[in-house]
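Quantities reported herein were computed from a predicted structural model and do not represent experimental measurements. Order of the sequence lines fixes the chain letters, A, B, ..., with proteins taken first and strands second; residue numbering starts at 1 for each chain.
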2 protein chains.
Amino acid sequence: MAVSFAEIREDRPGTFTHSCPTRVVLDHVMSRWGVLVIAALSDGTQRWGELRRGVDGISEKMLGSTLRTLVADGLVARRSLPAVPPHVEYSLTPLGLELVERMLPLLSWVADNADEIVGQKAIART
Amino acid sequence: MAVSFAEIREDRPGTFTHSCPTRVVLDHVMSRWGVLVIAALSDGTQRWGELRRGVDGISEKMLGSTLRTLVADGLVARRSLPAVPPHVEYSLTPLGLELVERMLPLLSWVADNADEIVGQKAIART
DNA sequence: CAGGATCCGTCAAGATACTG
DNA sequence: CAGTATCTTGACGGATCCTG
């Protein structure tokens with residue numbers, strides 16, 4: 001379990017270099033809104049409107065483009081119910097579930113330590 | 001261990017909302033270069049030049065500003081040896097170590113699945 | 001060697017309005 | 001309700017030059 005970054009790279013030479021696919025994935029998945037959308041979906045299937053309200057501060061444009069990338073990446077599934085008014089559901093794919101599983105510990109830690117981290121600056125300013 | 005995003009938020013109302021400290025931390029830590037710099041430092045103390053070479057594609061400006069934020073956040077320690085030519089070392093603080101511990105599983109997973117994820121688009125294009 | 005300062009282009013991102 | 005289209009802005013990020 002004590003994997004190091006060096007070990008990760010040893011197994012796959014060239015990983016995390018500039019032109020590596022991992023960079024693309026990181027940009028999608030660790031983007032400002034990508035993380036939050038994925039996290040929100042970890043609570044289960046959600047409709048467009050729910051996501052819009054759930055991910056505080058996101059604009060419709062950003063929600064749309066973020067979802068489109070994640071769907072194209074195969075991390076999120078889109079299901080459109082033919083009805084009036086329209087009803088569209090988003091959920092994590094198996095791949096997305098694997099991802100979020102590894103992301104939640106990180107988010108949990110951030111939630112626990114955010115105050116201390118931003119607090120450092122207040123100390124530095126003193 | 002099966003923490004859900006909902007659970008994380010239940011314990012701390014208002015977490016991950018627009019004006020929450022977690023958002024700031026997320027922006028620093030999940031930023032394009034932030035992740036990579038932190039990951040690189042997980043291999044141990046590194047000098048400026050080593051980081052510059054190790055984090056493929058980063059510019060001096062971005063390395064500088066990324067390091068400055070991470071140091072201000074208390075995640076990275078900066079040690080300047082008084083010598084000519086200058087010698088400066090960067091390493092993770094205990095807080096930074098906690099963070100990277102939770103980040104490595106994620107990076108490892110991304111390294112394993114990146115090809116498949118970016119591959120989805122090729123399929124979609126077909 | 002380690003970096004700060006500056007200039008500038010590009011694109012991400014917000015606001016708004018409109019549509020199936 | 002679930003988006004797309006368009007416009008505008010400002011921050012990110014690259015290149016370059018300069019300093020301790």
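Within the model, atoms OG1 of B:Thr15 and CD1 of B:Ile8 stand 9.0 Å from one another, a figure rounded to the nearest 0.5 Å.
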With side chain to side chain contact (heavy atoms under 4.5 Å, CB included) as the test, would you mind laying out the steps for A:Phe16 and B:Val55 before giving the verdict? CA-CA 8 Å; A:Phe16 293 111; B:Val55 181; over 6 Å; no
Dump the intermediate steps for side chain to side chain contact (heavy atoms under 4.5 Å, CB included) on A:Thr69 and A:Val76, then the final yes or no. CA-CA 9 Å; A:Thr69 359; A:Val76 168; over 6 Å; no
Check against side chain to side chain contact (heavy atoms under 4.5 Å, CB included), A:Thr17 and A:Thr22: CA-CA 8 Å; A:Thr17 55; A:Thr22 51; over 6 Å; no
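A:Tyr90 has its OH atom 8 Å from the C1' atom of D:dA2, to the nearest Å. Note: CZ (B:Arg78) to P (C:dC1) measures 16 Å, nearest angstrom. Atom pair A:Asp27:CG and C:dT10:C1' shows a separation of 15 Å (rounding to whole Å applied). The NE2-P distance, from A:His87 to D:dG3, rounds to 11 Å in whole Å. Atom CG in A:Asp56 sits roughly 15 Å away from atom C1' in C:dG14 (whole-Å rounding). Between the CG atom of A:Leu70 and the P atom of D:dG3 there is a distance of 14 Å, rounded to whole Å. Following rounding to the nearest Å, B:Arg52 (CZ) and C:dC1 (P) show an atom-to-atom distance of 11 Å. One atom, CZ of B:Arg79, and another, P of C:dG3, lie 14 Å apart when rounded to the nearest Å.
The residues B:Glu89 and B:Arg47 are annotated as not salt-bridged, no charged nitrogen and carboxylate oxygen being separated by less than 4.0 angstrom.
Here C:dC1 is the nucleotide among D:dT4, D:dA2, C:dC1 with the atom lying nearest to any side-chain atom of B:Pro85.
Residue-level contact check: A:Gly64 touches neither bases nor backbone, having no heavy atom under 4.0 Å from any strand.
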Distances under 3.5 Å between protein N/O atoms and the N/O atoms of nucleotides 14-20 of chain D, please, pair by pair.
unit_1	atom_1	unit_2	atom_2	d
D:dG14	O6	B:Lys61	NZ	2.7

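Atom CZ of B:Arg12 has more than 12 heavy atoms from other residues, nucleotides or ligands within 6.0 Å.
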